[in-house]
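Structure first, commentary second.
Note that the structure is predicted; figures quoted are calculated from it, not measured. Within every chain, numbering begins at 1; the chains are lettered A, B, ... in the order of the sequence lines, protein sequences first and strands thereafter.
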Amino acid sequence: MSQLDQLTCQETFRRLDDYVDRELSADEMQQVREHLDRCEWCASEYVFEEHVIQGVRERIRQITIPADLLSRISLALDRETVEPPR
Amino acid sequence: MPSSRETFEQLLAAALPSAFGVAIRFVRNRDDAEDLVQEASLRAYRSFHTFTPGTNFRAWLLRILTNLYYQKYRQRQREPQLTELEDAPDLYLYLQTRDAGLHQRSDDPAGLVLERLSMDHIAGAIDALPDDFRMVAALYFIEEFSYEEIAGIVDVPIGTVRSRLHRGRKLLQKSLWQLAVDQGLVAPLTPEAAAP
């Protein structure tokens, strides 16, 4: 990659949210990855943002669903099935 | 060959934790979340013939659930208005943790913040986001949908999902920092403490 293709810190920062979400084009993903490989400052921001998102995901997914929810829906489906369509 | 009812219930059983997790963030209480999931499931069953096998059932179900939420629940809730919110600056949490010295204390300063916070703290912080941001955040954090998939579920352009998500994440970071400070993570910086 030539110097011209290399992203600055500012250009990397502008793409960081999309990079974290894998929402850049393949070329841009690669450019950001290469910048992060050589810039400790931006890499530390990236790792931090990624850890926050992972931490929020882990906790928010700990919701317990009501144990009988599926069976209640199933019963409602039974009623739905026996009732003739109007 | 399984009946369509059996197939539906199998797919629903696998999708239910996700649907309930999203629903509870939409309506912010368990009772309404149960009603929302149950009614969305019945609607999904009625239109199961329109579902294309092999495509993403959870995204399909969540789209139905989201439509139902728009129709039945959204108007009932008093929402914080966007104008009431101050945007958080970029890298809010990163800079707060750095300035508080947490980057010297650990290789994983984000972990130091998050280990202070329970699921209820995080859920409360998401629930405090305005409706549009909260919906996108719920779909993003509970599932790992792409912006395009979220856009399809909430029926807004991809660019709108992107901006709501990025802005919502910053607002969330601000709340998480405040909660972690309230939990005793660090003493709030005073001018004296910040002086060299």
Is any side-chain N of the basic residue among A:Arg72 and B:Glu34 closer than 4.0 Å to the acidic one's carboxylate O? yes

Taking the basic N atoms (NZ, or NE/NH1/NH2) and the acidic carboxylate oxygens, is any pair closer than 4.0 Å for A:Asp78 and B:Arg5?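 Judged by the 4.0 Å cut-off on N to carboxylate O distance, A:Asp78 and B:Arg5 do form a salt bridge.
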
Does B:Glu148, at its CD atom, have more than 12 non-hydrogen atoms belonging to other residues, nucleotides or ligands within less than 6.0 Å? no

Does CG in B:Asp107 sit with more than 12 non-hydrogen atoms of other residues, nucleotides or ligands closer than 6.0 Å? no

Under 4.5 Å from any heavy atom of chain B, what part of A:Arg61 do you find: side chain, backbone, both or neither? side chain

Measuring heavy-atom distances to chain A, does [X] have an atom under 4.5 Å in its side chain, in its backbone, in both, or in neither?
{"X": "B:Phe8", "value": "side chain"}
{"X": "B:Gln173", "value": "side chain"}
{"X": "B:Leu176", "value": "side chain"}
{"X": "B:Ser18", "value": "neither"}

If we define contacts as heavy-atom pairs under 4.5 Å, which of A:Val56, A:Val20, A:Leu69 has the most with chain B?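 Winner by heavy-atom pair count: A:Val56.
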
Would you sort out whether A:Ile60 and B:Arg25 count as a side chain to side chain contact (heavy atoms under 4.5 Å, CB included), showing the intermediate values? CA-CA 10 Å; A:Ile60 207 66; B:Arg25 296 283 69 80; 3.9 Å; yes

Heavy-atom pairs under 4.5 Å with chain A - which of B:Ile24, B:Val113, B:Leu117, B:Ile158 has more of them than the others? B:Leu117

Among B:His103, B:Arg46, B:Glu115, residue most engaged with chain A (heavy-atom pairs, under 4.5 Å):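 Greatest number of close heavy-atom pairs with chain A: B:Arg46.
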
Point-to-point distance, once rounded to the nearest 0.5 Å, from [atom1] of [X] to [atom2] of [Y]:
{"X": "A:Asp21", "Y": "B:Tyr147", "atom1": "CG", "atom2": "OH", "result": "3.0 Å"}
{"X": "B:Leu91", "Y": "A:Glu45", "atom1": "CG", "atom2": "CD", "result": "4.5 Å"}
{"X": "A:Glu58", "Y": "B:Phe141", "atom1": "CD", "atom2": "CZ", "result": "12.0 Å"}
{"X": "B:Met119", "Y": "A:Ile63", "atom1": "CE", "atom2": "CD1", "result": "4.0 Å"}

Please examine the side chains of [Y] and [X], heavy atoms only from C-beta on, and report whether any two atoms are closer than 4.5 Å.
{"X": "B:Leu16", "Y": "A:Ile73", "result": "yes"}
{"X": "B:Tyr140", "Y": "A:Ile53", "result": "yes"}
{"X": "A:His51", "Y": "B:Leu114", "result": "no"}
{"X": "A:Arg59", "Y": "B:His121", "result": "no"}
{"X": "A:Thr64", "Y": "B:Phe20", "result": "no"}

Which of parallel (below 30°), tilted (30 to 60°) and perpendicular (above 60°) describes B:Tyr94 and A:Trp41? perpendicular

Closest heavy-atom contact between B:Ala110 and A:Val52? CB-CG2, 3.7 Å

